[in-house]
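To find a chain, count down the sequence lines: A is the first, B the second, and so on, and within it residues start at 1.
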Amino acid sequence: MTVRTRFAPSPTGYLHIGGVRTALFNWLFARAHGGQFLLRVDDTDQERNVDAALRPILDGFRWLGLDWDEGPEIGGSHGPYYQSQRNDKYQAAVSALLASGAAYRDFATTEEIQAEREAAQTAGGQFTYSRRWLAETKQDAAKFIAEGRQSVVRLKMPRTGELVHNDLIREEVRFPWSNEQDHVIQRADSTCLYHLASVVDDHEMQISHVIRAEEHLSNTPRQIFIARSLGYPLPEYAHLPYVAEPGSKNKLSKRKLDKYLKNKDFAQLKAHGERIAERMRLAVDADVFNPVIVDFYQAIGFLPEAILNYLLLLGWSLDDKTEEFSREEMIEHFSLERVNKAPASFDPQKLVAFQDRAMQKLPIKQKVAKVLPFLQAAGYIENPPPCDTGPYLSQICEAAGDRIKIAGDILDYDDFFVADDQLIYEEKTLDKRLRSREQAPQILAEFRDRLAIVEHFEAATLEETLKAFVAEKEIKIGDIVHAVRVAITGKAVGFGLFETLAILGRERSLARIDRALQLVK
RNA sequence: GGCCCCUUCGUCUAGUGGUUAGGACACCGGCCUUUCACGCCGGCAACGCGGGUUCGAGCCCCGCAGGGGUCACCA
């Protein structure tokens, strides 16, 4: 049997991190079994512009490298892949269900159903629809229509016995049929509902494994009922635990974006992102610029592999120690058997830790490539970049060491990209390192003259020069290092001083020191 | 409330009858050091509760408690 899995996003305008986890597991399972992964658009209830609302989602998938074998934009042999375009198939299924007696036309009004429900509730019992507006024959129907009633189609669910079903993750689960309602599968306006559509599509698209979040577990009985009634072979079901809010066991919801910002770690991550966005003069749309949404990470320069690696471990593990997985290793090792049953909280800090590690491992050349678009977006480098950009950025990334944790962090080191006379000095640092120390400007001036005559303006020789200077003047190394740093970068913190000097070169270093000296005079 | 699911450090988890209950993130010390990062060393910290079964239970059984999901002419 060919393994075929699917992810069915509804076009909401953004890709939710919990959704990505579900998609990832589907994708991994398909890839691990040499099968296909498809995307199907759940737009049965959409009125707005589906294309516009779908684009960020597809972009997110592409960015993460979760490629789909069939679906929007690429098509496939089981299309169309938009539920809004598959209505004929749903109608046919409804007719078949009606014909076999597995479903019926119901002429009750919403109010009447509601009244029954409330009556059952006050009686303390469980609601079971009386089916008194059920129309079995044309005559019944005609009578109701004459009264001006409209009809929906309901499933005629069993009311005795139980469904025993084997879930790939939950194992055996049992549902008493008496607990099920006669769910509506077709609205009064004759459009069909999600559960019907989903079952029909899964069957027609030959989905072998339905891997979805736990919140669908209790929807499974009605779907199995539909599938059975239609004579479909059942797919395997695997219900993943949902992703929970940080520090709680509530389901991470797309509707509570604001709430999560109250979480300290979340807020901190967002603030970091905002700092980067601000430097690029990027409009920060509150709806999307949020760590629950994948766009956020893309916008500020996270690595897709870091996100995938983190999400993989949210509810799945290989053993007691392996944490890092390349894409290939994920595919090689992933299995549904090792998926956890309990919900897992989304932990922004741990995601960041994976990002840090992934960034550390990134070769300089690739780091340069990641960082460049941010410098261009901020207006520091032209597009296309001048030919000396590569070597210059390589030096900077090399000197940066592990300081650039997110590609957008490069913008913290704007001092390498502004003209000497445009450099902005932190007043506080100028005060602390130069103005408040009587001897500091003098010492800096003297060291400046040494720099002017140093033979090789390279990190190693610069360090020798400075050490010699310190020994000769009988000062502490800190007395000069910090003064030089603020003079050439305007900041209190930065890369190694000697590397910084070397990158800037003699001319620019001297110009900046001179300017700083002017400023503190 | 009915039904269903879940329960090991703060968080992600390993663990399938005998372990000093392991790892990771976070946190707290210390070291390194020209700042900031990185790195290194060390530390804190968990089997929800109660009954069984067993020589022995985090692991098996039964209760309880807690948490969550779901109960739409939403998806």
Side-chain angles (χ1 to χ4, degrees), chain A residues 8-10 12 42-46 83 106 108-110 113-114 117 120-121 124-127 150-154 167 169-170 173-176 178-181 183-195 197-198 213-221 239 241-242 244 246-251 265 310 313-324 338 340-354 356-357 360 400-405 409 412 429 433 463 466-467 470 476-486 489 491-498:
Chain A
S10 60
T12 52
D42 250 325
D43 58 348
T44 51
D45 197 42
Q46 297 299 318
Q83 293 196 321
D106 181 55
T109 63
T110 325
I113 294 284
Q114 190 53 31
R117 191 171 279 134
Q121 213 157 57
Q126 196 189 318
F127 166 62
Q150 289 191 312
S151 68
V152 297
V153 177
R154 287 183 186 276
D167 185 276
I169 292 170
R170 308 280 143 175
V173 284
R174 290 161 175 271
F175 300 90
S178 61
N179 214 257
E180 292 292 318
Q181 299 304 319
H183 305 283
V184 174
I185 53 174
Q186 187 186 69
R187 300 184 182 93
D189 67 4
S190 86
T191 58
C192 291
L193 272 80
Y194 165 79
H195 293 290
S198 180
E214 177 190 341
E215 64 231 56
H216 286 286
L217 186 58
S218 46
N219 297 146
T220 307
H239 286 93
Y242 58 87
S248 114
K249 288 297 178 202
N250 294 333
K251 190 177 74 170
D265 300 333
Y310 171 70
L313 263 13
L314 209 53
W316 180 88
S317 65
L318 176 64
D319 54 30
D320 57 341
K321 34 182 69 80
T322 317
E323 290 238 297
E324 293 189 43
R338 290 199 63 86
N340 250 77
K341 289 182 183 171
S345 308
F346 179 75
D347 180 355
Q349 284 189 323
K350 190 145 186 176
L351 205 207
V352 167
F354 275 94
D356 289 356
R357 259 185 280 176
Q360 282 178 25
D402 299 324
R403 291 174 183 83
I404 297 170
K405 296 170 181 304
D409 284 346
D412 282 342
T429 311
R433 297 304 182 187
E463 181 162 6
L466 184 132
K467 294 256 163 80
V470 164
K476 282 183 296 192
I477 196 160
D479 292 334
I480 179 67
V481 159
H482 297 111
V484 176
R485 170 171 285 109
V486 68
T489 68
K491 299 181 176 72
V493 302
F495 304 162
L497 183 65
F498 309 112

Peer 1: Checking all strands, does A:V152 fall into the base, sugar-phosphate, or nothing category for heavy-atom contacts under 4.0 angstrom?
Peer 2: base
Peer 1: Nearest of B:C4, B:C73, B:C6 to any side-chain atom of A:K341?
Peer 2: B:C6
Peer 1: Could you tell me whether A:H239 contacts a base, only the sugar-phosphate backbone, or nothing, with contacts defined as non-hydrogen atoms closer than 4.0 Å?
Peer 2: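 Since no nucleic acid heavy atom lies under 4.0 Å of A:H239, the category is nothing.
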Peer 1: Taking N and O atoms by type only, does the side chain of A:K321 place a donor or acceptor under 3.5 Å from a partner on the base of B:A14?
Peer 2: no
Peer 1: For B:C3, what is the paired nucleotide under Watson-Crick or G-U wobble rules, both distances under 3.5 Å?
Peer 2: B:G69
Peer 1: Considering Watson-Crick and G-U wobble pairs with both distances under 3.5 Å, what does B:C9 pair with?
Peer 2: none
Peer 1: If you find the nucleotide of RNA chain B closest to A:I113 and the one closest to A:L318, which residue's nucleotide is nearer the 5' end?
Peer 2: A:L318
Peer 1: Between B:G66 and B:G48, how far apart are the P atoms? Round to whole Å, please.
Peer 2: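 Going atom to atom, P in each nucleotide, I get 16 Å.
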Peer 1: Are any of A:R117's side-chain N or O atoms less than 4.0 Å away from OP1 or OP2 of B:G2?
Peer 2: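 No, A:R117 has no side-chain N/O under 4.0 Å of OP1/OP2 on B:G2.
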Peer 1: Using atom types as modelled and distance alone, determine if a side-chain donor or acceptor of A:D479 lies under 3.5 Å from a backbone N or O of A:K476.
Peer 2: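 Answer holds: yes.
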Peer 1: Is the distance from OP1 or OP2 of B:G2 to the nearest side-chain N or O of A:N179 less than 4.0 Å?
Peer 2: no
Peer 1: If I pick the P atom on B:A24 and the same atom on B:C44, what distance separates them, to the nearest angstrom?
Peer 2: 14 Å
Peer 1: What's the gap between B:C59 and B:U16 when it is taken at their C1' atoms, as a whole Å value?
Peer 2: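 Those two atoms are separated by 6 Å.
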Peer 1: Would you find a donor on one side and an acceptor on the other, under 3.5 Å apart, between the side chain of A:R117 and the backbone of A:F127?
Peer 2: no
Peer 1: For the C1' atoms, the ones on B:A46 and on B:G51, what distance do you get once it is rounded to whole angstrom?
Peer 2: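 23 Å, rounded to whole Å.
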Peer 1: Cut-off 3.5 Å, side chains only: do A:T191 and A:R187 have a donor facing an acceptor?
Peer 2: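 Yes, because at least one side-chain N or O of A:T191 sits under 3.5 Å from a partner of the opposite role on A:R187.
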Peer 1: Mind checking what makes side-chain hydrogen bond (donor to acceptor under 3.5 Å, both in side chains) contact with A:K249, not counting sequence neighbours?
Peer 2: none
Peer 1: For A:S345 and A:S248, indicate whether the former's side chain and the latter's backbone hold a donor-acceptor pair under 3.5 Å.
Peer 2: yes
Peer 1: Mind checking the P distance from B:G15 to B:C71? Whole angstroms is fine.
Peer 2: 33 Å
Peer 1: Among B:C3, B:G69, B:C73, which nucleotide sits nearest the side chain of A:Y242?
Peer 2: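 Looking only at heavy atoms from C-beta outward on A:Y242, the closest nucleotide is B:G69.
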Peer 1: Searching all strands shown, indicate the nucleotide that pairs with B:C27 (Watson-Crick or G-U wobble; both distances under 3.5 Å).
Peer 2: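 Partner of B:C27: B:G43.
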Peer 1: Please state how far atom CD in A:Q186 lies from atom P in B:C73, giving the value in whole angstrom units.
Peer 2: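 About 14 Å, once rounded to whole Å.
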Peer 1: Look at A:K249 and B:C12 and indicate whether a side-chain polar atom (N or O) is within less than 4.0 Å of OP1 or OP2.
Peer 2: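 Yes, within the criterion.
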Peer 1: Please tell me which of the listed nucleotides, B:U11, B:A75, B:A24, lies nearest to the side chain of A:R357?
Peer 2: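 The answer is B:A24.
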Peer 1: Can a side chain N or O of A:S178 be found less than 4.0 Å away from OP1 or OP2 on B:C3?
Peer 2: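 Looking at the OP1 and OP2 atoms of B:C3, neither is under 4.0 Å from any side-chain N or O of A:S178.
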Peer 1: Generate the contact string for nucleotides 32-43 of chain B. Rules: B means base contact, S means sugar-phosphate contact only, - means no protein heavy atom under 4.0 Å.
Peer 2: --BBBSSS----
Peer 1: Is the phosphate of B:C3, meaning OP1 or OP2, less than 4.0 Å from a side-chain N or O of A:R174?
Peer 2: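 No, no such contact exists.
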Peer 1: Between B:C4, B:G68, B:U11, which nucleotide gets closest to the side-chain atoms of A:P176?
Peer 2: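 Comparing B:C4, B:G68, B:U11 against the side chain of A:P176, the answer is B:C4.
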Peer 1: If you find the nucleotide of RNA chain B closest to A:V173 and the one closest to A:A8, which residue's nucleotide is nearer the 5' end?
Peer 2: A:V173
Peer 1: Near A:E215 CD, under 6.0 Å, is it more than 12 heavy atoms from other residues, nucleotides or ligands?
Peer 2: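 Yes, enclosed.
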Peer 1: Please state whether the phosphate of B:A14, meaning OP1 or OP2, lies under 4.0 angstrom from any side-chain nitrogen or oxygen of A:S317.
Peer 2: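 Yes, A:S317 has a side-chain N/O under 4.0 Å of OP1/OP2 on B:A14.
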Peer 1: What nucleotide, of B:G68, B:G15, B:C74, holds the atom closest to the side chain of A:L193?
Peer 2: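 Given the options B:G68, B:G15, B:C74, the side chain of A:L193 is closest to B:C74.
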Peer 1: Would you measure the distance from the C1' atom in B:G63 across to the matching atom in B:C41 and give it in whole Å?
Peer 2: 48 Å
Peer 1: Ring centres within less than 5.5 Å and planes less than 30° apart: is that true of A:H216 and B:A75 in this structure?
Peer 2: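 A:H216 vs B:A75: stacking yes.
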Peer 1: Is there a donor N/O on one and an acceptor N/O on the other, under 3.5 Å, for the side chain of A:H183 and the base of B:A72?
Peer 2: no
Peer 1: Which nucleotide wins on minimum distance to the side chain of A:E323, given the candidates B:A75, B:G23, B:G68?
Peer 2: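 For the A:E323 side chain, the nearest candidate turns out to be B:G23.
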Peer 1: A:E214 has an atom CD; how far is it from atom P of B:C3, in whole Å?
Peer 2: 17 Å
Peer 1: In whole angstrom, give the distance that lies between atom CG of A:L217 and atom C1' of B:C71.
Peer 2: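 Taking atom C1' of B:C71 as the reference, CG of A:L217 is at 13 Å.
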Peer 1: Could you let me know what B:C64 is paired to, Watson-Crick or G-U wobble, both distances under 3.5 Å, or none if it's on its own?
Peer 2: B:G48
Peer 1: Please confirm whether the shortest side-chain N or O distance from A:K251 to OP1 or OP2 of B:G68 is below 4.0 Å.
Peer 2: no
Peer 1: Compare the minimum distances between each of B:G69, B:C4, B:C25 and the side chain of A:A353, then state the nucleotide with the smallest one.
Peer 2: B:C25
Peer 1: Is a side-chain N or O of A:R338 found less than 3.5 angstrom from the main chain of A:S317, in a donor-acceptor match?
Peer 2: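 A pair under 3.5 Å: yes.
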Peer 1: Looking across every strand, which nucleic acid part, if any, lies under 4.0 Å from A:A188 by heavy atom: base, sugar-phosphate, or nothing?
Peer 2: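 Counting heavy atoms under 4.0 Å across all strands, the contact made by A:A188 includes a base.
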Peer 1: Could you check how far OH of A:Y194 sits from P of B:U70, rounded to whole Å?
Peer 2: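 In whole Å, B:U70 P and A:Y194 OH are 12 Å from each other.
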Peer 1: What's A:N340 touching, base or sugar-phosphate or nothing? Going by heavy atoms closer than 4.0 Å.
Peer 2: sugar-phosphate
Peer 1: Using atom C1' of each nucleotide, how far apart are B:U19 and B:A14 to the nearest Å?
Peer 2: 12 Å
Peer 1: A:D167 side chain to A:V173 main-chain N or O, any donor-acceptor pair under 3.5 Å?
Peer 2: no
Peer 1: Using the P atom as the point on both nucleotides, what is the distance between B:G58 and B:A21, in whole Å?
Peer 2: 10 Å
Peer 1: Under 3.5 Å, side chain of A:D43 to main-chain N/O of A:Q83, donor-acceptor pair present?
Peer 2: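 Side chain of A:D43 to backbone of A:Q83: a pair is present.
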Peer 1: Among the nucleotides B:G23, B:A75, B:U7, which one has an atom lying closest to any side-chain atom of A:A342?
Peer 2: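 That would be B:U7.
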Peer 1: Whole Å only: how far is the CG atom of A:D167 from the C1' atom of B:C6?
Peer 2: 13 Å
Peer 1: Considering all heavy atoms of both residues, which atom of A:A344 and which atom of A:G315 are nearest to each other, and what is their separation?
Peer 2: CB-N, 4.3 Å
Peer 1: Does B:U35 have a Watson-Crick or wobble mate here (both distances under 3.5 Å), and if so which one?
Peer 2: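 Per the H-bond distance test, none.
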Peer 1: Let me know the distance between CG of A:N219 and C1' of B:G69, rounded to the nearest Å.
Peer 2: 10 Å
Peer 1: Donor-acceptor pair, distance only, cut-off 3.5 Å: does the side chain of A:T220 make one with the backbone of A:H216?
Peer 2: yes
